[in-house]
Amino acid sequence: MAEVQSLRCVIGGCRFAPEEVNYTCRLHGEVGTLDILYDYAALRARLDRDALASSKVFSAWRYRELLPIAPGSRLPPLAVGWTPLYDAPLIAEALDISRVWLKDDGANPSGSLKDRASALVLARALEKGYRIVSAASTGNAAAALAALSAPLPSIEPVIFVPASAPPAKIAQLLVYGAHVLLVDGSYDQAFDLCMTISAEASWYSRNTGVNPYTTEGKKTAALEIAEQLGWRLPDAVVVSVGDGSIISGLHKGFSDLFELGWVEAIPRLIGVQAAGSAVLAGAWQAGTPAGDIKAGTADTIADSISAALPRDRAKALRAVGRTGGAFVTVPDTEILAAIPQLAQLSGVFAEPAAAAAFAGLKRARARGLIAREETVCLLCTGNGLKDVPRARQAVAGGYAVEPRVESVRAALTGAGLL
Ligand SMILES: *Cc1c(COP(=O)(O)O)cnc(C)c1O
Ligand SMILES: [Zn+2]
């Protein structure tokens, strides 16, 4: 395990001892999300990346030594993380980029990257003896919490989701047996309700960004990218952004590795937002400090990146700023089109919010934010089966045939296959 040295506020650098604070900065409130910091000199002296690379633990827990988990702690049993990193030459060729890798986090147990954060928060809940763990979610964070806590009889998840969440995500919650509040309102409203009730009832909240352990969980995606590429990082990593917690987690993971001296440089982080939910892209362009960001619109078919007031706004702006990255926005039409494009170039079926990253990569390349001789890692954050109705909207085709050989022959002849 890595012993937590302190928690540091992203806005003012305010420092707290590990037991002093559960969520955000006492001075700066909700925007003052916290970084979990370790004694890096001690870790550097004790750990060795080659020893780690020989680990037989094929899940995010292979990085246990870099995570804030006490020795001997119980861990949620489902196999989160260690998701495939594919070489994607057809994407590279289509976009005229030297090399593209695709990390498929849709392969996680509940079908999205959110499993990484839920796993760590649940490990923490087990350690501290919490019974109720709450979360507000556009769907995936909740599904992750529900799935991973199902085999843990001492934990009861209570979930706040917009009633408009895709049916597959709501089905997941109910199938896994979580207590589900279907909020007749937006994600942002569900979030605020969850915060209020959780504080009142002293529940442990898994809420994105607000709980600093969510970032630590998500950083394991960055650790895996580094290890899977033999510790030679790509020039850029492209990821879709809603609350900004995934991009912040990637930044934390790469930064930890840099502190340890295990990687030589940190990739540029390119955040992709839906044009109808682009508060962070707007703030980045205008140079608005995180503390001054006001809620904007959240109107996109990509439900997982629909956030009017991104909860991890400060860390997300820092991630892009410090790495020399950028934000790009993509309209819903391009997000929808990206679903079959990505699937046909890679074999990976992404939900709208995840396909948005591919649409954003295309835009970033077209705008010269990525040069042809560069290398890129594209992160697929969620599985396409999460939202079949939207995927179906993006594709037409199929040959309607009568159940007769002649009819099939005619169709195949028309298609040029016979
Ligand atoms: C949550 C999520 C995102 C966005 O992550 P943030 O941390 O909210 O920026 C992107 N894609 C999918 C599939 C997600 O579930
Ligand atoms: Zn502070």
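Numbering of ligands and ligand atoms starts at 1, following listing order. Since this is a predicted model, take the numbers as computed values, not measurements.
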- prompt: So how far is it from Leu102 CG to Leu379 CG, rounded to the nearest 0.5 Å?
  reply: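 Leu102 CG to Leu379 CG: 8.5 Å, rounded to 0.5 Å.
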* Rounded distance [0.5 Å steps], CD in Gln393 versus CG in Leu336 ->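 One finds 5.5 Å between CD of Gln393 and CG of Leu336.
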Considering only non-hydrogen protein atoms, determine which one is nearest to [atom] and report residue, atom name and distance to 0.1 Å.
atom: atom 10 (C) of ligand 1; result: Ser240 OG, 3.3 Å
atom: atom 12 (C) of ligand 1; result: Thr381 OG1, 3.3 Å
atom: atom 1 (C) of ligand 1; result: Lys114 NZ, 1.3 Å

Need the ligand 1 atom indices (1-based, order shown) with element for anything under 4.0 Å from a heavy-atom of [X].
X: Ser245; value: 6 (P), 7 (O), 9 (O)
X: Glu351; value: 13 (C)
X: Gly382; value: 13 (C)
X: Val241; value: 9 (O)
X: Ile305; value: 3 (C), 4 (C), 10 (C)
X: Gly242; value: 4 (C), 6 (P), 8 (O), 9 (O)
X: Asn140; value: 13 (C), 14 (C), 15 (O)

Between [X] and [Y] (salt bridge meaning N to carboxylate O under 4.0 Å), is one present in this structure?
X: Lys114; Y: Asp105; value: no
X: Asp292; Y: Arg313; value: no
X: Asp192; Y: Arg311; value: yes

Polar side chain donor-acceptor pair, [X] to [Y], under 3.5 angstrom:
X: Lys169; Y: Ser304; answer: yes
X: Ser110; Y: Asp115; answer: yes
X: Ser118; Y: Arg206; answer: yes

[X] to ligand 1: N or O pair under 3.5 Å?
X: Thr208; answer: no
X: Asp243; answer: yes
X: Gly244; answer: yes

*asked:* Restricting to N, O or S atoms, which atom of His28 is closest to the Zn ion (ligand 2)?
replied: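 Answer by atom name: ND1.
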>> Please compare Leu379, Asp115, Ile247, Ile246 and report which has the shortest non-hydrogen distance to atom 5 (O) of ligand 1.
In response: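 Of the listed residues, Ile246 has the closest heavy atom.
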Could you pull out the closest heavy-atom pair between Gly271 and Val241, with the gap in Å?
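Looks like CA-CG2, 3.6 Å.
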Worksheet entry | Arg26 to Phe16, cation-pi by 6.0 Å centre distance and 45° axis angle |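 Not satisfied by the 6.0 Å and 45° rule.
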